[in-house]
Amino acid sequence: MNKISIIIRREYLTRIRKRSFIVMTLLGPVLFAAMLVLPMWFATMETEDVKQIAVIDSSQLFINKIPETAKFKFTYAADVKLEDFKKNLAQTEYFGILYIPPYIAYTPRGVEFYSYRQAPANLTMHIANAIEKEIETDKLKAHHIENLDDILKSVKTHIDIRTFKISESGAEKESHSFLNMGVAYASALLIYMFIFLFGSQVMRGVIEEKTSRIVEVIISSVKPFQLLMGKVIGVALTGLTQFLAWIALTLVLVALAQNIFLPDLTREALQQANNVQVIGSLAGDSVQYSATTEKAREMLQMIQSINFGVLIGSFLFFFVGGYLLYGSLFAAIGSAVDTDADTQQFMLPITIPLIIAIMVMINAMQNPDGPLAFWFSIIPLTSPVVMMARIPFGVPYGELALSMVLLILAFMGAIWLSAKIYRTGILIYGKKMTYRELWKWLMYR
Amino acid sequence: MENILTTIDVDKQYGDTKVLDHIGINVPRGSIYGLLGPNGAGKTSLIRIINQITAPDSGEVLFMGRRLQRDDIAQIGYLPEERGLYRKMKVGEQVLYLARLKGLSNADAHQQVNTWFEKFGIQSWWNRKVEELSKGMQQKVQFIVTVLHCPSLLILDEPFSGFDPINADMLKNEILQLREQGTTIVLSTHNMASVEELCDYISLINRSRCILQGEVTRIRHEYKSGEYELCFEGDGAALMEALEAGGCRITGHKQEKQNVSVTVHATPGSGNDLLAKAISSVKVVSFSEMLPSMNDIFIRKVNEQH
C-alpha cells in the first residue's frame with residue numbers, strides 16, 4: 001500500500017508540474033468563459049448592423065406590408081427594373097434586393113433575393129413569414145367573412161405546458177425540462193470528455209514507461225498491479241485537480257467578464273432578483289409584476305427544483321467511476337503496444353461504447369425514463385454518461401444504486417483483466433499484437 | 001559453501017513454448033555467477049523469475065535457504081537488459097523515487113543517493129533531466145539505481161552491452177569491488193572474455209535446458225582437448241619430425257625473437273610423452289598445457305546440441 005502511494009505521488013506531481021497541464025488549466029476556463037460570454041457579447045454587437053433592403057414589388061400587394069425590425073429596414077422602389085437595379089446595387093447603400101413577382105399567389109417560388117453577401121437565414125425567414133401571412137390573410141378575405149380581423153386576433157393562442165412529476169409517495173413536483181436538459185447535457189458531456197482526456201493520459205503514461213524501458217526496473221521493485229493502480233489513481237487525482245481548478249477559475253472569469261463587458265446586464269439581473277423578493281412582500285402590488293420579473297422568479301424556482309445533493313454526489317461518483325473503468329482498459333491497451341500509433345485497433349472497442357453512450361444520452365434527455373435510457377444507464381460501460389443525463393430529471397434510488405454497484409463491479413473486473421494483460425504486455429516489445437495474443441496473455445498463470 | 005540462491009526444477013512455459021525446462025542452479029554466497037547461453041535460451045526468463053516479475057509454472061526458488069518471498073526484492077538489485085529511465089524526470093528525483101520503491105525510507109534514500117553521487121562525482125547532475133545526459137552518463141545513473149539499496153544479491157542482465165569501454169571498465173571494477181564487500185553477483189552475458197575474467201561459477205543454458213554448470217576453472221580443465229604450448233630454441237624441422245612420429249600435430253606457431261613457440265595438438269593427458277620427445281630434439285624454454293577458452297567451450301557445447 002505504501003508503495004502505491006509513492007507511485008501515486010510521482011504520477012500526480014510530475015503531471016501537475018508539466019507545462020502543458022498548467023497551460024491547459026489556465027486556458028480551459030478562458031475557453032469556457034468565452035463560450036458563455038461571447039454569444040451574449042455578440043448579441044449586443046449585432047444590433048449596430050442595420051440592413052437596408054430594397055423591395056421591387058411587381059404584384060403591388062406588399063407595399064409597406066413587410067414589418068421592419070431593429071436589424072432589417074425595407075424601402076419600396078417603384079418603377080425600377082430589376083435588371084438595372086441589380087447592375088447598380090454596388091453603388092447604393094442597400095444590402096440586397098427583394099423581388100416579388102406579379103402573380104405571387106400562384107408562383108410561390110418566384111420570390112427572389114439578390115445580394116453581394118449571403119443573406120442571413122433570419123432575414124429570408126422573416127420575409128417569407130411576412131409574405132405568407134399576407135397571402136393567407138388575403139385568401140381568407142376572399143371568403144368575405146365579417147369581422148375577420150377580430151376573429152383572427154381572437155384565435156391567436158400561445159400554449160405553455162407546465163410539467164409535474166408524481167413521486168411514489170404521491171407528492172407532485174413541478175419539473176422544468178429545459179433546465180434539466182441543460183444540466184443533463186453538460187454533466188454527461190463533461191464525464192465523456194474526462195474519460196477520454198485522462199483515460200488516454202493513462203495509456204500514454206504506460207506507453208512511455210514501456211518505450212523508455214524503465215518499466216522492468218520498476219516491476220522488479222513493485223508488483224505490476226501496484227504500478228497500474230498507482231498510475232490510474234495518480235492520473236485520476238490530476239484530472240480532479242484540473243477539473244476543480246477549471247470550475248473555480250471559470251466562475252471567477254465569468255464574474256469578471258460580466259462586470260467588464262456587460263455591466264448593464266448584471267445590474268438588471270440583480271434588480272430582477274431584488275424585485276422577486278419585493279414581490280414576495282408586496283403580494284398584491286400589480287405594478288411590479290412585469291414579464292421579466294416573472295421569468296427571474298421562474299428561474300429561481302427551476303433551480304430550486306433540482307436535487308443538488310444527489311446531482312453533485314452522483315456526478316462525482318460517475319465522473320470518477322467511469323474514468324476508473326475506462327482508465328484501466330486504456331492502461332491495458334498501452335501495455336500491449338509499442339507506440340501511440342499502434343493503439344488504433346484496440347481503441348475501437350473502447351470508443352464504441354462511449355459513442356453509443358453519447359447517442360443514447362441525447363435520447364435520454366428527451367425521454368429520461370424510456371427503456372433505452374434505462375438500460376444504458378444500468379450497463380456499466382455506458383452508465384456514467386447516460387445516467388448523468390437522467391439524474392437531473394430524478395431517478396429512483398433503487399436504479400441509481402443498481403447502476404453504481406454494477407459500475408464498481410465492472411471496474412473491479414476491468415482492472416483484474418487489465419492487470420493480466422498489463423503484466424505480460426509491458427515486457428513484450430516489437431511484436432505485432434492481435435486479439436488472439438491478448439487472449440493468450442489472459443490465460444497465463 | 002552456503003548458497004544464497006537456489007532454483008529447483010524451475011519450469012516456465014508461454015503458450016506452447018517451453019522457455020525453462022527443469023532449471024536448477026546453485027549460486028554460492030559471495031561469488032560471481034555467470035548465466036551463459038545464446039539469444040533466446042531462457043536466461044532472461046530465469047532472471048525475471050528470480051526477480052519475481054513472473055512466477056514459475058512449477059519448481060521452487062530458494063533465497064538464503066528459504067522460499068523466495070515478496071519482501072526479498074529489497075535485498076536484490078536488478079539491472080535489466082533493456083535499460084531505461086524516465087526521460088523527462090530529473091536525475092536526483094528519479095533515483096530517489098526508485099530507491100523508495102525498493103523500500104528505503106526517505107531519509108535513507110537521500111543519504112544513499114548522496115553517497116553514490118559523490119562517489120561517481122555527479123552531484124551536479126541532480127537537477128538535470130535524464131534526456132539531457134549522454135548515454136554514458138545515463139548508464140552511470142542506471143547502475144547507481146541498481147546498487148543503491150545495498151542488495152546482497154545483484155543480478156545484471158548483459159551488463160556490458162551498450163556500455164562504452166570506459167564505462168564497461170568502471171562497471172567491471174565496481175562488480176569486483178562489490179564482491180569484495182560480500183555481494184553475490186549473477187550476471188548473464190555473451191561476453192566470454194568477461195566470464196573468464198570475472199566469473200567463479202557458470203551455468204550454460206541452451207534451448208531452455210541447462211547443459212553445463214560448475215566452477216569455471218574446473219570446467220576449463222574438464223574440457224581440455226590436449227592443446228599444449230611449447231617454446232623452444234633450435235631446429236624446428238627436427239622437432240616437427242619427432243612430434244609427428246609420435247602422433248601429435250602442430251597446429252600453429254609464432255616467432256618470438258630467437259625463440260619459437262608452437263601449439264601442439266596431442267591426446268589429452270600425454271603431456272609428459274610430448275615433452276620427452278621435444279627435449280630429445282630441441283632446447284625447451286617453456287612448456288604448458290593450454291586451457292580451452294570459455295568461448296570455445298560455449299560454441300562446442302551449443303553446437304553439440306544442434
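Proteins come first, then strands; the chains are lettered A, B, ... in the order of their sequence lines, and each starts at number 1. Computed from a prediction, not measured in an experiment: that's the story for all the values here.
In this structure, Glu216(A) pairs ionically with Arg48(B), as a charged nitrogen and a carboxylate oxygen lie closer than 4.0 Å.
Heavy atoms closer than 4.5 Å to chain A are found in the side chain of Glu93(B), but not in its backbone. For chain A, the nearby part of Val145(B) is the side chain; its heavy atoms alone come within less than 4.5 Å. No part of Lys18(A) comes within reach of chain B, as not one of its non-hydrogen atoms sits under 4.5 angstrom from that chain.
In this structure a side-chain-to-backbone donor-acceptor pair under 3.5 Å is missing from Lys102(B) to Val222(A).
Shown here is Lys223(A), whose NZ atom has no more than 12 heavy atoms of other residues, nucleotides or ligands within 6.0 Å. In this structure, Arg179(B) places its CZ atom where more than 12 heavy-atom neighbours from other residues, nucleotides or ligands lie under 6.0 Å away. For Arg66(B), the CZ atom is densely surrounded, since the number of other residues' heavy atoms within 6.0 Å is greater than 12. In the displayed structure, Arg67(B) atom CZ is contacted under 6.0 Å by at most 12 heavy atoms of other residues, nucleotides or ligands. For Lys119(B), the NZ atom counts as densely surrounded, since its 6.0 Å shell holds more than 12 non-hydrogen atoms of other residues, nucleotides or ligands.
Between chain A and the residues Gln52(B), Arg87(B), Arg83(B), Glu81(B), the most heavy-atom pairs under 4.5 angstrom are made by Arg83(B).
Within the model, atoms CD of Glu82(B) and NZ of Lys210(A) stand 11.0 Å from one another, a figure rounded to the nearest 0.5 Å. Expressed to the nearest 0.5 Å, how far CG of Leu79(B) lies from OG of Ser220(A) amounts to 10.0 Å. Note that CZ of Arg100(B) is 7.5 Å distant from OG of Ser5(A), once rounded to the nearest 0.5 Å. Atoms CG and CD1, from Leu101(B) and Ile4(A) in turn, are 11.0 Å apart once rounded to the nearest 0.5 Å. Distance CD1/Ile53(B) to OG/Ser221(A): 9.0 Å, rounded to 0.5 Å.
Cation-pi geometry between Arg9(A) and Tyr97(B) is not met at under 6.0 angstrom from the ring centre and within 45 degrees of the axis.
Residues Glu209(A) and Tyr86(B) have side chains that bring a donor and an acceptor to within less than 3.5 angstrom of each other.
Between Ile214(A) and Gln94(B), the shortest heavy-atom distance links the atoms CD1-OE1, 3.4 Å. Minimum interatomic distance between Ile73(B) and Lys3(A) (heavy atoms only, all atoms of both residues): CD1-NZ, 3.6 Å.
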